[in-house]
Amino acid sequence: MKTLVFATNNSHKLEEVRAILGERFRIASLKEIGCTDDIPETADTLEGNAMQKARYVKEKFGYDCFADDTGLEVEALNGAPGVYSARYAGPGHDSEANMQKLLKELEGKTNRQARFRTVIALLLEGEKHTFEGIVPGTILTERRGTAGFGYDPVFVPEGFKETFAEMGNEEKNRISHRARAVQKLAEFLAGRS
């Protein structure tokens, strides 16, 4: 079974991706290949950050690798927080502070349309590929639900009444932006094997 490194140590993401890719590949985390480096994410696009992380792992550890970057893009904020979603309220990757800042910025705004967008960059056998998943939705005025992570408690995907944080993992994994991008990755990889 071919090993592919997913350039993350985020257990939520790892679980989600392993559930979607199933038994086709052995998906290794950064920790599992001995990478404890803080991989830079200095690009100003999701695509750039994802490729930067995948390239870092390939160059330093030699594994074929994929990496993702996800942003919440809010219409009324001209696409912010976007590429800065994880550190919107500062460098600490503090989900609570990020959510508070987002809700504050949206106070009094009637347009609460937003979308989660995930870009996966894959380096495989010397080739670069990217896959994108998008889920449109709405930002609530207050949080609901305790599951998930990041902005999940304030985001209601289009066509649903629950926030991502109110859905079970199975339902969220079926419709999430990451699931959509990973599905494209899985279809691509299935075509290669």
Side-chain angles (χ1 to χ4, degrees), residues 6-20 29-31 35-50 52-53 66-109 111-120 132-158 160-182:
F6 181 16
T8 190
N9 278 321
N10 181 317
S11 59
H12 296 288
K13 286 183 183 183
L14 209 52
E15 242 172 75
E16 214 173 296
V17 166
R18 283 177 173 156
I20 295 165
S29 67
L30 291 173
K31 191 166 143 194
C35 176
T36 55
D37 308 3
D38 192 11
I39 300 176
E41 292 181 66
T42 54
D44 55 7
T45 63
L46 298 174
E47 294 82 355
N49 275 343
Q52 188 177 19
K53 290 187 279 188
F66 65 95
D68 74 322
D69 200 19
T70 295
L72 175 67
E73 299 170 341
V74 181
E75 260 183 39
L77 303 177
N78 299 316
V83 73
Y84 305 106
S85 293
R87 45 195 184 281
Y88 192 42
H93 292 258
D94 181 341
S95 293
E96 191 56 41
N98 290 339
M99 234 183 316
Q100 291 300 337
K101 180 175 179 178
L102 176 68
L103 293 176
K104 184 115 190 81
E105 304 257 330
L106 285 175
E107 273 176 14
K109 295 204 184 330
N111 178 1
R112 301 186 78 87
Q113 294 302 302
R115 67 184 194 166
F116 267 118
R117 189 165 72 94
T118 292
V119 176
I120 293 176
E132 180 182 73
I134 293 174
V135 173
T138 309
I139 303 295
L140 298 177
T141 53
E142 56 192 37
R143 73 194 58 231
R144 289 195 337 230
T146 55
F149 58 101
Y151 298 93
D152 287 358
V154 296
F155 183 82
V156 177
E158 202 172 81
F160 290 82
K161 289 182 173 40
E162 308 89 27
T163 65
F164 271 161
E166 292 174 302
M167 293 178 176
N169 272 347
E170 201 173 305
E171 186 174 18
K172 182 194 168 191
N173 287 352
R174 226 181 43 250
I175 65 156
S176 80
H177 41 291
R178 187 170 301 104
R180 291 175 182 187
V182 171

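Atoms considered below: every heavy atom in the structure, side chains included; atoms not considered: hydrogens, waters and symmetry mates.
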Side-chain heavy atoms of Val135 within contact of Ile175, under 4.5 Å: no

Euclidean distance, Leu106 CG relative to Leu77 CG, rounded to 0.5 Å: 4.5 Å

Are the side chains of Val119 and Thr45 in contact, using a 4.5 Å heavy-atom criterion? no

Derivation of the salt bridge (charged side-chain N to carboxylate O under 4.0 Å, His left out) call for Glu96 and Arg143: CA-CA 10 Å; Glu96 191 56 41; Arg143 73 194 58 231; 2.8 Å; yes

Examine distances only and state if a side-chain atom of Lys101 and a backbone atom of Tyr88 form a donor-acceptor pair shorter than 3.5 Å. yes

With the side chain counted from C-beta on, respond yes when Thr118 and Val182 share a heavy-atom pair under 4.5 Å apart, and no when they do not. no

Is there a donor-acceptor pair closer than 3.5 Å between any side-chain N or O of Glu166 and the backbone N or O of Thr163? yes

Let me see the working for Val83 and Glu41 under side-chain contact (heavy atoms from CB on, under 4.5 Å), right down to the final yes or no. CA-CA 10 Å; Val83 73; Glu41 292 181 66; over 6 Å; no

How far does CD of Gln113 sit from OG1 of Thr138, to the nearest 0.5 angstrom? 4.5 Å

Partner of His177 by ring-ring contact (aromatic ring centres under 6.0 Å, His included), out of Tyr151, Phe155, Phe116: Phe116

Roughly how far, to the nearest 0.5 Å, is the CD1 atom of Ile139 from the CE atom of Met99? 10.5 Å

Does the side chain of Glu105 reach to within under 4.5 Å of the side chain of Pro81, using non-hydrogen atoms? no

Say you draw a straight line from CZ of Phe160 to CD of Glu171; how long is it, rounded to the nearest 0.5 Å? 5.0 Å

Between the main-chain N or O of Ala86 and the side-chain N or O of Asn98, is there a donor-acceptor pair closer than 3.5 Å? yes

How long is the span from the CZ atom in Arg18 to the OG atom in Ser29, to the nearest 0.5 Å? 6.0 Å

Those residues that, when tested against Phe149, pass ring pair (Phe, Tyr, Trp, His ring centres under 6.0 Å) (two or more places apart): His12

If you round to the nearest 0.5 Å, how far is CG of Leu46 from OG of Ser85? 7.5 Å

Please give me the minimum heavy-atom distance between Ala7 and Ala67, naming the atom from each residue. CB-CB, 3.8 Å

So if I apply the salt bridge (Lys or Arg N to Asp or Glu O under 4.0 Å) rule between Glu132 and each of Arg178, Arg180, Arg117, Arg115, which one comes out positive? Arg117

Kindly give the heavy-atom pair with the smallest separation between Leu14 and Thr8, and that separation in Å. CD1-CG2, 4.0 Å

Please check this pair: side chain of Lys53 against backbone of Asp68, looking for a donor-acceptor N/O pair closer than 3.5 Å. yes

